Each structure stands twice: as structure tokens, then as C-alpha cells.
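Contents: one structure, followed by commentary.
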Amino acid sequence: MPRELPKQYDHTGIESDIYAIWEKSGFFNPDNLPERHKEPFSIVLPPPNVTGVLHIGHAYEDALQDAVIRFQRMRGKRALWVPGTDSAATATQPKVEKIIQKEEGKNRHEIGREELVRRVAAFAKASENTILSQVRKMGASLDWSRYAYTMDDARNTAVTTAFQRMYEAGLIYRGNRIVNWDPKGQTVISDDEVVHEERDAKLYTFTYSKDFPIPIATTRLETKVGDTAVAVHPDDPRYQQYIGKEYDAVFYDVLTHIKVVADRGVDMEFGTGALGVTPAHSMADWEIADKNNLPRPQVINEYAKMSVDGALKDKKTTEARELIATWLAEQGLLQKVENIKQNVSVAERTGGIIEPLPKLQWFIAVDKPFIISRSQISGISGGSETTLKHIMRTAITSGDVSMPQENHRKSYMHWIDNLHDWCISRQIWFGHRIPIWYRGDELFCGVTAPSGDGWEQDPDVLDTWFSSALWTFSTLGWPSDSKDLKTFHPTSLMSPAYEILFLWVSRMILMSGFHLGQVPFTSVLIHGLVRDSKGRKFSKSLDNGVDPLDIIAKYGADALRMGLLVGTAIGNDLKFDESKVKGYRNFANKLWNIARFMLMNAPDQPIATTPSLTDEDAQALNELSAVTKDITKDMEELRLYLAAEKTYHYIWHTFADILVERVKPHLTGTDPVLKESAQWLMQEALATSLILLHPFMPFVTEAIWREVFPNKGLLMIEPWPSA
RNA sequence: GGGCGCUUAGCUCAGUUGGUUAGAGCGACUCGUUUACACCGAGUAGGUCGGGGGUUCGAAUCCCUCAGCGCCCACCA
């Protein structure tokens, strides 16, 4: 008796039912896959923020990676996709602090470190389920049994072990350096978290005192009480005669001692051609002072207030600037004041104006030679001398990590060339605390606290990217020599947004290279950002957000996945277009109706062996086989947008529009040969179509598969046609 | 200042190592109540591939140049 499907495909309900069936099957876990799945293929999900909600960018990333992992699984690979979440401490702690401030009127110092950390951790854990259930809604075939969290025990062990080993290798050191201090967030931030904003500023030209021969220009008068030198270009005829001379001056009410030094970095054209050197409050000046062995007094503190003794003490920097300007004018030392545009460094997260300060921080030395004990990276042999920077460069140039998008590869190499030591300490409380303990002059570095009394742990925590950098192997059991690590590392693919190429991708290469002598992944597919229909980034202030869950509710996850993937070359930004998603909802219905039609005209049982076929039907199957081959190649070479579009096109404009129409009379006619040939064609074309489309639209294809081939197993592990 | 891109139909974009009349989706227009589907079907219009020059038998594709747009990095005190 022919079965009959409803006239319309309704994704509501079906999607969660299908996901439950998949999860129950156990096939998300490669250990449960049938015998034929031998060769490993692994991806580690870029962990979303544990306190976050699924946004359209995640949806895109999930669609992309799930398509790849489903394809590889059907091809017979031992496919593993590892899920996880990130504590994202620098985002999470302030969030919780804000809540506490609002509800209890207390700041973090009133709460205390231990209690705050406990609360932040609890908050993070409580929000975990939100993001995880949302990722499930996308249809992501993640192995939940291997779920990892950056702050769970296994990952904590990995982090402290990694720190200890690098410390012992001499690659982690503590140093006094000018860092980007964010007075608002009360922490150091990395260069990558600093943004530059153009602001109006006043450029003051003045001399320190009446007998000081060289005028200098600055926008930051208040820092000048901390000057210890004036730098001029060695070839500058105006100032050559003064090089090496030293002067005393009472600047405002601070006794300063200024030496004139030569430095080729000084631009003779800018300002007066002379640079007032403030070693403690400028990166460039710090280096000049270092070269010339000059003192480096700090005159501004962590709260962006003056710390110099005298009348300026505890004044805000802006206030001190006004006071000094007035004083200079009164003394007749101020030559001119100009209004200029200036780029101000601002903390991306808090909006605080960066105050460069000298601070004791922990760093990873990227240029320091060390002996790598073992290495599988081409061009770096075990036991040879190398540097972390060299590893990061070689991983790409050797091709061990394939980064086929040339533009991204170029900017990666350019970034490596300009890379400085990585400051890994942060002055917040929630996060991986630096595994260093002090007792008097003693210092201990270890995975666990030292025994004995009087030890105090370093108060700082690690940059969140430190733990993220270990992610490909910390999720697979490292530091133990686990089976997973041996089987699935290096992972097969990493697919991050270009935003985090430097922050994350490069640092994974660094860590994996040092700790395992391996690359973390063998290929990188960098994707673009999802923007709104006008090409703007999604942001709260623009209120242009699109909630993927709303879209899923309206059109289904399958349609959303297609809408995100089709027609966008991977690596370029894409504009989110709801009408496109709607189109793929219609497509799901089209496919559903092909199946409906087929079932209406099908024999009771699927035909087991090829019957005698008409020439036309045989040719149609040959064409399908050619299409399959083409699509398979696109999938292998990660041209997912083409594979998806071609599949769509075949199903709608060849299968539905041409084949179905052509065989209709045969199916309803009386010639048994024509009829059986047509039935076979329908059955085969549908089966292949479902397989080809499954990586992109897993729900509707699996749902149809269950209706049409109830005696077969799950479509998600159906073998991909070998073509 | 250094680096990387983009400019193809009204809109959003493909075009996979240069190869026959440049493609898709959406939109527009015309026609269609055929029992798979109106979340549909049949069809039509629409592009000198940003401008100019060059290489080649052949260029949207390679080179030079001009114009416009964007991103990343650094940052002048």
C-alpha cells in the first residue's frame, strides 16, 4: 500500500526528534562507529564563551564544521568533533561583578577574591546549558562525551603543566616592561586588545627651563615630570652640539635631570625634531632609556593619577596637564599650543584610555633559542635549536599546516615578522592562576602548591588565550599520553574567523609545537564574519541583531545552515539575508514533496536490485553519478558553498523539474518495464540526493530517509557514493 | 606609514591552475486552478565583468596604471 506523507514539510518538532535519535545512536562518538570507519578525522570546535548565547556567527561556524564532519563521517572516516566552552575570564568576571554591584552594591574588593572567583565560576557553570542546547539546535554532530571546559580539572592540569614546562625551558620569564595598563579595568591587556581612536588633542611646544637649549613638543605634559632625557637625531645639525650634555631643571616643582641623547628613531621633521624621553610611560622611550642606561622613574600610578612627590601628587593626569600648562605659560616657557588630531589607545573591552606603565609581568619569549626535544614538523628536527617564532613560521611555510587562502597566509607571516614577546599575566581574579609561589626570595613553579609554610601564590591569572592555545591537545587528554591524543592529534581542520587568526591560531601552533613537536591541525580554513543586510557588524548599539534561534523556529535549522553556506566564498564576509533562508525552507519542502511523490508511486518494498532500465533512465543515473563526483571533489577541497549550491541545483532543477516530470507518465502508465525503470530511477536519485545534501541539511534528509528507507540504518552513517 | 583585499545583472554574491554564446538566488515582467509541491510550474527582460593600457591565438581571470570602497598592523612624541 503506498504510504502518503503530509503535503508540507514541517520542521517543528522533527528537528529535535531527529537530534535525539542521533544522540541515542552514539555515532557522534567515533568509538561507536561501524567497522569501516578507520582513518581518523578530527575537528575541535572553537569553544564559545560559556556565558554566551548562540549568535549568528556561531551558527555559521557550526554549519560549516558540521558539514565537513558529516561528510567525512559518511566517507568512512573515524570522525570526531570535540565540543567545549571557554570560561572567557576577561569577559565573564566583569559581567558577574556588574551583577553583584547592582544587586548588592559591592565591588570586588568588598567581596574578596575567593568569594568572587567562586561566584564567577558558579555563574559560568549555570549558564553553560544555554549555549550547549543552542549548539544542538543547529544539528551539530559533536561528541558530547568528550565535552571540555577551559576551567575543568583536566584543562587546569594541562594549563599548569604547560606553564611549568615552558618555565623550566626558560621560555616563560618575569620582567619589568612597559605594558598596556587599562586603568578602568585595572589590568594589563595585550596589544591585540587595544584599539586606536582619533581624538582632538593639544600639542604643546616648550622647554623644561630657561637655560634648556632644546624645545620639545608633547601632548602629554603631565608625563614630562618623569623625563630623563631628550632624544635627537644624530644627524640633526640643530642639536648635534648638545648631544651628551646634561641639564638640571625644576619642572613645575619636580627636580629633573635631563640628558641629551642621540637616537635614529627620532623624526627630525615632527614637532621640534626633539623628543622628550619619558621612560616609564612610553614603550619607545623605555627602549631609548634602556639603550642609554637612563633612570626610569614612574610618575603615574595604576589609577591614572600622578604619583610624583609634590603638589601634583594624586592629581588626575588631565588635571596635572592643565596645571603644568598654566605654569609653563606663567614662566614664559611655553612656545606654542596647537590643536591636532591624535590617535589614542583605548582598551577594546572597557573603553579605558591605556596608560603605558612599567610593570612586573610574565612573558613568553618568542625569539629565545631553545632545544626542542622532539619534533614532527618538517624542517625542525628533534634535538635541534629553534625558537617559538621559528616554529610558528615553519609550520606554515613547510605546508604542514595548509592555509590555502593566500591573503590570510600573507598577513599571518607579516604578523609573525613583527611579533614581540607575549605578555601572559592578567590582573583579574577569575581564570587560571599563575602556578608560581613566592617565599621571601624563593620562587617555586609547579603544577601544585609547594609544601611548607609561608608560600604565597602569584596573584595574577593567565591570559585567556594561554589556555585556548592548548585547546587542540588539552581536549584530547594531554598531558597524559592518551589514546585520543595519539589517534586524533594533529587535528584535521581548524576553522576560525579571521578575527582570531593571530590571537588564537598562531598561538595554538606555538603551544602545540613546543609541547608536542606537532602542528595542532593540518589545515586551516579561515572564514569571514556574518554581517547584517547592510554589511554592518552585528552590535547591541545598532540593535541589528538576528537571533539564530528565531530563524530556526521560523524556517528550521536546515534552512538557516543553507542560507549561511550557499553562495559565500569561505573567507569573505557574508551578509545575512532572511529571504535566502526562506528560499531554503522552500527547498526543504521541495525535497519533501519529491519524496512524497516517489512514495505515492513506489512499490511496497524498495527495489533491491537494478531492473532493466530505459536508455533515458540509465543516462539520467550516469549524469547523477557525474554530478556526485563533481560535488565530492568540491567537498574534499572544502568548497562547501559550491557543493551545497550544486546539490541544490541538481535536486530542484534536474531531479524535480526534469526527471520527475519525464517519468510521471511511466509511473502512472501500464507498461511494467517502463514503470519499474522509473521507480528505480526515483529511488536511486532520491537516495543519492539525500546523501549529498545531508551534510548541509541533516534534519530533513534524515527525516525523509526514515520514511523512504525504513529498513536501512541512519543516513548520518550511510556510505558516501564512491562515484 | 606598512600590509591584505574588494569593485561582475536592480539587490546579495558565485565564477575552483586564462578556453566555446559570463552564472545563481532574490527582485521585476508575462503566462499557468495539470492529483508531488502555490513554500509551485513554464517563460521573458536585464551585464561593453570600476576606467585606461599591456601580455596572449584567446582575459572577468595574468601584468601595469588610475579611481572608489573596505579590513588588518604600526603609530609622531
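Heavy-atom basis, side chains included; hydrogens, waters and symmetry copies ignored. Nothing here was measured: the structure is a model prediction, and the numbers come from that model. First the proteins, then the strands, lettered A, B, ... as listed; each starts at 1.
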Checklist entry - Using the P atom in both, what is the distance from B:A22 to B:C49, to the nearest Å? => result 11 Å
Item to check | Side chain of A:Ala569 (C-beta onward), nearest among B:A14, B:G25, B:G3 | outcome: B:A14
Checklist entry - Taking the same atom, P, in B:G43 and in B:G25, what whole-Å distance lies between them? => result 13 Å
Checklist entry - Taking only side-chain nitrogens and oxygens of A:Asn586, does any of them come within less than 4.0 Å of OP1 or OP2 of B:C40? => result yes
Item to check | A:Tyr584 vs A:Tyr648, ring pair (Phe, Tyr, Trp, His ring centres under 6.0 Å): CA-CA, chis, key distance, verdict | outcome: CA-CA 9 Å; A:Tyr584 292 110; A:Tyr648 165 90; 5.3 Å; yes
Checklist entry - Can you tell me the Watson-Crick or wobble partner of B:A14, both distances under 3.5 angstrom? => result none
Next on the checklist: Can you measure A:Ile594 atom CD1 to B:C39 atom P for me and round it to whole angstrom units?
Outcome noted: 17 Å
Next on the checklist: Strictly by Watson-Crick or wobble contacts shorter than 3.5 Å, is anything paired with B:C49, and which nucleotide is it?
Outcome noted: none
Item to check | Upstream residue (5' side of RNA chain B) when A:Arg639 and A:Thr278 are each assigned their closest nucleotide | outcome: A:Arg639
Checklist entry - Does B:G1 pair with anything, Watson-Crick or G-U wobble, both distances under 3.5 Å, and if so, with which nucleotide? => result B:C73
Next on the checklist: Applying a 4.0 Å non-hydrogen cut-off, can you work out what A:His408 is touching in the nucleic acid: base, sugar-phosphate, or nothing?
Outcome noted: nothing
Next on the checklist: Less than 4.5 Å apart, side chain to side chain, heavy atoms only: is that true for A:Asp532 and A:Lys575?
Outcome noted: no
Item to check | Nearest-Å distance for atom pair CD1/P, residues A:Ile658 and B:G43 | outcome: 9 Å
Checklist entry - When we call it a touch if two heavy atoms are under 4.0 Å apart, what does A:Phe587 touch: a base, just sugar-phosphate, or nothing? => result nothing
Next on the checklist: Taking only the P atom of each, what is the distance from B:A60 to B:U21 in whole angstrom?
Outcome noted: 11 Å
Next on the checklist: How many whole angstroms separate atom CZ of A:Phe502 from atom C1' of B:A74?
Outcome noted: 12 Å
Item to check | A:Lys410 side-chain proximity, nearest of B:C4, B:A77, B:G25 | outcome: B:C4
Next on the checklist: If you compare every side-chain N and O of A:Arg596 against the phosphate oxygens of B:C37 (OP1, OP2), does one of them come in below 4.0 Å?
Outcome noted: yes
Checklist entry - What is the distance, rounded to the nearest whole Å, between atom CD of A:Glu661 and atom C1' of B:U35? => result 12 Å
Next on the checklist: Can you tell me the base-pairing partner of B:C40? Count Watson-Crick or G-U wobble geometry only, both distances below 3.5 Å, and say none if there is no partner.
Outcome noted: B:G32
Item to check | C1' spacing across the pair B:G23 / B:G46, given as an integer number of angstrom | outcome: 14 Å
Checklist entry - If the P atom of B:U16 is compared with that of B:C72, how far apart are they to the nearest Å? => result 27 Å
Checklist entry - Just checking A:Asp573: base, sugar-phosphate only, or nothing, at a heavy-atom cut-off of under 4.0 Å? => result nothing
Item to check | Listed nucleotide nearest any side-chain atom of A:Lys590, set B:A36, B:G2, B:A77 | outcome: B:A36
Checklist entry - So what does A:Asn407 hit on the nucleic acid, given a heavy-atom distance under 4.0 Å: a base, only sugar-phosphate, or nothing? => result sugar-phosphate
Next on the checklist: Applying a 4.0 Å non-hydrogen cut-off, can you work out what A:Lys664 is touching in the nucleic acid: base, sugar-phosphate, or nothing?
Outcome noted: base
Next on the checklist: Tell me whether the side-chain N/O atoms of A:Lys580 come closer than 4.0 Å to OP1 or OP2 in B:A24.
Outcome noted: no
Checklist outcome for this item: Against the side chain of A:His649, the closest entry in B:U16, B:G25, B:C26 is B:G25
Checklist entry - Expressed in whole Å, how much space separates the P atoms belonging to B:C63 and B:G18? => result 11 Å
Item to check | Interatomic distance at C1', B:G41 relative to B:G47, whole Å | outcome: 27 Å
Checklist entry - When we call it a touch if two heavy atoms are under 4.0 Å apart, what does A:Ala595 touch: a base, just sugar-phosphate, or nothing? => result nothing
Checklist entry - How many Å lie between OH on A:Tyr9 and P on B:A36, as a whole number? => result 22 Å
Item to check | Distance in angstrom units between A:Ile288 CD1 and B:A77 C1', rounded | outcome: 9 Å
Next on the checklist: Check this one for me: any side-chain N or O of A:Tyr204 less than 4.0 Å away from OP1 or OP2 of B:A77?
Outcome noted: no
Checklist entry - Is A:Trp652 near enough to B:G41 that one of its side-chain N or O atoms lies under 4.0 angstrom from OP1 or OP2? => result yes
Next on the checklist: Just to be sure I understand the rule, does A:Thr219 reach a base, reach only the sugar-phosphate, or reach nothing, if contact means heavy atoms closer than 4.0 Å?
Outcome noted: sugar-phosphate
Checklist entry - Base, sugar-phosphate, or nothing: which does A:Ser411 touch, judged by heavy atoms less than 4.0 Å apart? => result nothing
Checklist entry - How close do A:Ile526 and A:Gln405 get, heavy atom to heavy atom, and via which atoms? => result O-NE2, 2.6 Å
Next on the checklist: Less than 4.5 Å apart, side chain to side chain, heavy atoms only: is that true for A:Trp720 and A:Pro695?
Outcome noted: yes
Checklist entry - What is the distance, rounded to the nearest whole Å, between atom CZ of A:Phe576 and atom P of B:C11? => result 21 Å
Item to check | Between CG on residue A:Leu419 and OG on residue A:Ser506, distance to nearest 0.5 Å | outcome: 7.0 Å
Checklist outcome for this item: To the nearest angstrom, the OH-P distance between A:Tyr650 and B:G23 comes to 21 Å
Checklist entry - For B:C40, does OP1 or OP2 lie under 4.0 Å from any side-chain N or O of A:Lys7? => result no
Checklist entry - Who does B:G68 pair with, Watson-Crick or G-U, both distances under 3.5 Å? => result B:C6
Checklist entry - Under 4.0 angstrom, heavy atoms only, what part of the nucleic acid is A:Gln8 near: base, sugar-phosphate, or nothing? => result base
Checklist entry - Within the structure, does a side-chain N or O atom of A:His653 lie under 4.0 Å from either OP1 or OP2 of B:G23? => result no
Next on the checklist: Taking the basic N atoms (NZ, or NE/NH1/NH2) and the acidic carboxylate oxygens, is any pair closer than 4.0 Å for A:Lys664 and A:Glu661?
Outcome noted: yes
Next on the checklist: Please determine whether a side-chain nitrogen or oxygen atom of A:Asn572 lies at a distance below 4.0 Å from atom OP1 or OP2 of B:A14.
Outcome noted: yes
Item to check | Nearest listed nucleotide, side chain of A:Met600, among B:A77, B:A36, B:G15 | outcome: B:A36
Item to check | Validation row, ring centre A:Phe251 to ring centre A:Phe206 under 6.0 Å | outcome: yes
Checklist entry - How is A:Val566 classified with respect to the nucleic acid when contacts are heavy atoms under 4.0 Å: base, sugar-phosphate, or nothing? => result nothing
Item to check | Pair A:Lys202 + A:Glu322: basic N to acidic O under 4.0 Å | outcome: no
Item to check | Pairwise C1' distance, B:A14 and B:A74 [rounded to whole Å] | outcome: 35 Å
Checklist entry - Hey, are A:Lys224 and A:Glu222 close enough for a salt bridge, meaning a charged N less than 4.0 Å from a carboxylate O? => result no
Next on the checklist: Both A:Lys575 and A:Gly583 contact RNA chain B. Which one's nearest nucleotide lies toward the 5' end?
Outcome noted: A:Lys575
Item to check | Base partner of B:U56, which must satisfy Watson-Crick or wobble distances under 3.5 Å | outcome: none
